[in-house]
Engineer: 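Just dropping this structure here.
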Amino acid sequence: MADPQEVLTQRVQSALGAAFGADYAETDPVIRPSQFADYQANAALALAKRVGRKPRDVAAEIVAHLDVADVCREVEISGPGFVNLTLREDWIAGRAQELRADDRLGTPRQEPRNIPIDYSAPNVAKEMHVGHLRTTVVGDALARTLEFLGHNVIRQNHIGDWGTPFGMLIEHLLEVGEDSADAALLKTDPNAFYQAARVKFDGDEEFAARSRGRVVALQGGDAETLRLWRDLIELSKAYFNRIYATLDVTLTDADLAGESTYNDMLGPICDELQAKGIAEVSEGALCVFLDGFTGREGKPVPLIVRKSDGGYGYGSTDLATIKYRTEELKADRIVYVIGAPQSLHLQMVYETARKADWLGDTEPVHVQIGNVLGTDGKILRTRSGAPIRLMALLDEAVERAAKVVAETRPDLDDAARAAIAREVGIGAVKYADLSISHDTEYIFDFDRMLALNGNTGPYLQYATARIRSIFRKGGLDPAEATGPVVVTEAAERALALRLLGFGAAVAQVGDTLEPHRLCAYLFDLAQSFTSFYESCPVLKAEDPSVRASRLALTAVTLDTLVKGLGLLGVTAPERM
RNA sequence: GCACCCGUAGCUCAGUGGAUAGAGCACCGGACUUCUAAUCCGAUGGUCGCAGGUUCGAAUCCUGCCGGGUGCGCCA
């Protein structure tokens with residue numbers, strides 16, 4: 001057990017039990033980081049009323065029964081009843097030493113749960129936009145993190161591969177030819193393909209009529225139509241996969257679970273809802289009306305499960321995902337990483353599923369993703385007002401990074417510089433998405449995210465590059481830097497203490513589904529390291545035992561930064 | 001009208017009911033014959049939107065306002 005907060009919680013709980021009886025042994029001792037010590041226990045203030053004594057007396061009682069001689073160097077009652085706890089340097093060093101031999105770096109292995117994660121979900125024949133970028137990056141980080149914590153993560157890429165636009169798209173594909181340059185646009189610039197189809201649909205009545213007929217054929221299972229439809233999807237998949245490869249995202253074709261996969265479930269779902277009296281026909285459409293969901297002018301808002309033309313919309317497919325994930329995937333928790341604007345819709349889907357008894361004990365969670373804005377505070381667009389092509393945006397990030405690398409590393413060859421620029425550029429974009437709490441809107445700003453200062457990807461990558469440089473320069477292998485760790489200097493102490501918090505930070509991301517907390521931890525760690533780097537020579541340390549200790553601390557820091565960034569889906573180049 | 005998100009330093013953002021609310025950027029002042037200065041150290045900077053309430057204690061929880069954003073019947 002390396003996490004001081006966890007260790008102190010147990011110790012203080014024991015003291016509470018010893019002092020006030022077994023009933024109090026479960027009380028949260030409220031261990032928090034302190035500005036007056038390493039940690040403080042705040043339990044005494046809350047307990048004072050319950051035990052009918054003054055807070056300071058309660059604190060004194062806790063301290064009297066507290067057995068922390070091996071962990072703390074100083075225990076002090078302060079203010080109205082805070083218990084300040086200062087850790088022993090040898091204890092910190094010992095725990096840091098243990099991390100050196102722990103490939104999980106202090107991360108707990110949790111009781112495995114089945115967790116489908118719905119994320120990315122681009123549309124076939126449409127450009128992914130920055131909103132997709134964010135759900136993709138955040139969802140992937142959550143998937144990696146939950147997996148590392150020991151869970152059975154099931155990635156679910158709910159692509160938009162079904163619905164009315166496909167009539168139009170198929171007709172257009174048929175006209176231009178499956179092997180044409182126009183069709184190839186699907187792989188590189190899908191919006192161009194979509195727009196071309198759209199223009200024809202809006203301007204050519206005969207084409208529009210054929211498109212509508214094609215939708216019917218598609219839903220009716222017409223073989224030739226299905227073949228063209230699959231073609232469309234194959235071309236789009238090539239585009240998705242190129243984006244995922246560029247982004248270094250873990251999604252593969254095996255994770256595809258698009259809307260079309262639920263086709264067979266939609267009819268029965270509607271029948272069941274109707275049979276159970278949950279859904280009713282209104283204005284020709286099959287709708288679910290739920291208590292407490294009213295729209296404009298107090299009118300009840302429906303969740304439409306079957307349209308008046310007999311087609312199925314996203315209301316029914318989203319219900320199908322719940323049914324499938326609880327019944328087939330045996331989900332304990334379903335994570336939906338989807339835009340914040342869908343909040344109302346998802347609430348209605350969850351509530352409907354609950355009423356239909358499809359949820360059981362499964363907990364659906366909406367990880368709300370805020371909109372991405374430009375520096376002008378409006379939805380991100382190009383200067384001419386068009387939506388930004390995601391690949392172009394990623395290219396620009398890499399280009400900007402390349403410009404910096406060209407200036408700072410003239411000593412490296414072109415290939416090496418290009419590789420660094422790729423990792424830095426992509427890492428910067430991903431980290432920027434992850435470092436801000438996912439539910440708020442965020443302002444997309446290249447200059448800020450590519451900065452080498454502040455809570456940015458490049459800053460963290462730079463810290464790892466400097467560490468690797470130390471080992472390279474010394475001709476040493478980090479794996480062989482085994483210590484022993486001894487903590488004396490303030491910067492060594494701060495760094496070592498920080499290292500002990502990694503596991504707790506990872507666990508917190510798993511609990512709260514908030515990757516930005518891991519970013520905050522890693523940034524803090526990197527800052528602690530750079531301070532250490534400035535004030536504590538490693539290779540040049542004159543005393544061999546000091547050198548060995550610092551090398552071990554440096555190696556643990558490297559492992560932690562690389563592992564932490566890895567959980568976020570960000571790589572760190574060997575040199576920068 | 002209803003729902004969700006937001007309002008914290010000039011800007012971008014953190015903040016687990018605990019003491020004097022933090023970080024980065026910007027601005028100002030310092031530190032390079034370096035283990036990568038793409039860095040570090042320091043200073044300045046606050047009516048936590050407003051008003052009540054709960055609490056020993058509120059940026060945090062509750063209620064009501066004000067302001068901004070988004071969504072709300074046949075696209076998904």
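Chain identifiers are assigned alphabetically (A, B, ...) following the order of the sequence lines, protein sequences preceding nucleic acid strands; residue numbering begins at 1 within each chain. Atom set for the values below is all heavy atoms of this structure, side chains included, hydrogens, waters and symmetry mates excluded.
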Engineer: Measuring from the side chain of A/Tyr442 (C-beta onward, heavy atoms only), which nucleotide among B/rC13, B/rG73, B/rC40 has the closest atom?
Structural biologist: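 Minimum distance to the A/Tyr442 side chain belongs to B/rC13.
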Engineer: Nearest to the side chain of A/Thr530, which nucleotide is it out of B/rC41, B/rC6, B/rU39?
Structural biologist: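 Among B/rC41, B/rC6, B/rU39, the one nearest the side chain of A/Thr530 is B/rU39.
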Engineer: Side chain of A/Glu534, heavy atoms from C-beta onward: which of B/rC40, B/rC4, B/rG71 has the nearest atom to it?
Structural biologist: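 Nucleotide nearest to A/Glu534's side chain: B/rC40.
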Engineer: Classify the side chain of A/Ser308 versus the base of B/rG73 as yes if they form a donor-acceptor pair under 3.5 Å and no if they do not.
Structural biologist: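 Not at all, since no donor on one side and acceptor on the other fall under 3.5 Å apart.
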Engineer: Could you give the distance separating B/rG57 and B/rU20 at their P atoms, to the nearest angstrom?
Structural biologist: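 Between the two P atoms, the distance is 14 Å.
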Engineer: Expressed as a whole number of Å, how far does the C1' atom of B/rA43 sit from that of B/rA23?
Structural biologist: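 About 16 Å, rounded to a whole number of Å.
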Engineer: B/rA38 and B/rU47: how far apart are their C1' atoms, nearest whole angstrom?
Structural biologist: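 Straight-line distance between the two C1' atoms is 39 Å.
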Engineer: Looking at the side chain of A/Thr440, which of B/rC6, B/rC72, B/rG69 is the nearest nucleotide?
Structural biologist: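 For A/Thr440, the side-chain atoms sit closest to B/rC6.
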Engineer: Which whole number of Å gives the distance between the C1' atom of B/rA21 and that of B/rC48?
Structural biologist: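 Between the two C1' atoms, the distance is 8 Å.
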Engineer: Does B/rC25 have OP1 or OP2 sitting under 4.0 Å from an N or O in the side chain of A/Asn453?
Structural biologist: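 Yes.
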Engineer: Between B/rC4 and B/rU63, how far apart are the P atoms? Round to whole Å, please.
Structural biologist: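 Those two atoms are separated by 11 Å.
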Engineer: Using the side-chain heavy atoms of A/Ile443, tell me which of these nucleotides is nearest: B/rA23, B/rU12, B/rC5.
Structural biologist: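 Of the candidates, B/rU12 comes closest.
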Engineer: Per the atom types in the model, does the base of B/rA38 pair as donor or acceptor with the side chain of A/Thr408 at under 3.5 Å?
Structural biologist: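 Counting by modelled atom types and ignoring angles, a donor-acceptor contact under 3.5 Å is found here.
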Engineer: Please find the pair of heavy atoms, one from A/Thr571 and one from A/Glu423, that lie closest to each other, and give the distance.
Structural biologist: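 That closest heavy-atom pairing would be OG1-OE1, 2.8 Å.
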Engineer: Before giving the answer on salt bridge (Lys or Arg N to Asp or Glu O under 4.0 Å), spell out for A/Glu61 and A/Arg53 the whole-Å C-alpha distance, their side-chain angles and the decisive distance to 0.1 Å.
Structural biologist: CA-CA 10 Å; A/Glu61 201 68 29; A/Arg53 298 174 63 178; 3.4 Å; yes
Engineer: For B/rC75, take OP1 and OP2 only and decide whether either is under 4.0 Å from a side-chain N or O of A/Lys307.
Structural biologist: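 Answer is yes, contact under 4.0 Å.
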Engineer: Rounded to whole angstroms, how far apart are CG on A/Leu434 and C1' on B/rU12?
Structural biologist: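 The answer, rounded to whole Å, is 17 Å.
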Engineer: Under 4.0 Å between a side-chain nitrogen and a carboxylate oxygen: does that hold for A/Lys355 and A/Asp291?
Structural biologist: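 Result for this pair is no, no salt bridge flagged.
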Engineer: For RNA chain B, which consecutive runs of 3 or more Watson-Crick or G-U pairs (each distance under 3.5 Å) count as stems?
Structural biologist: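 Stems for RNA chain B, defined as runs of 3 or more consecutive pairs: B:1-7 with B:66-72, B:10-13 with B:22-25, B:28-31 with B:39-42, B:49-53 with B:61-65.
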Engineer: When the ring planes of A/Tyr521 and A/Phe502 are compared, do they come out parallel, tilted or perpendicular, using 30° and 60° as the limits?
Structural biologist: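 It falls in the tilted class, 30° to 60°.
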Engineer: Could you work out the separation of B/rG22 and B/rA59 based on their P atoms and round it to a whole Å?
Structural biologist: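 To the nearest whole Å, 13 Å.
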Engineer: Nucleotide by nucleotide, 5' to 3', does protein get under 4.0 Å of the base (B), only the sugar-phosphate (S), or neither (-) in nucleotides 15-21 of chain B, counting heavy atoms?
Structural biologist: SB-BB--
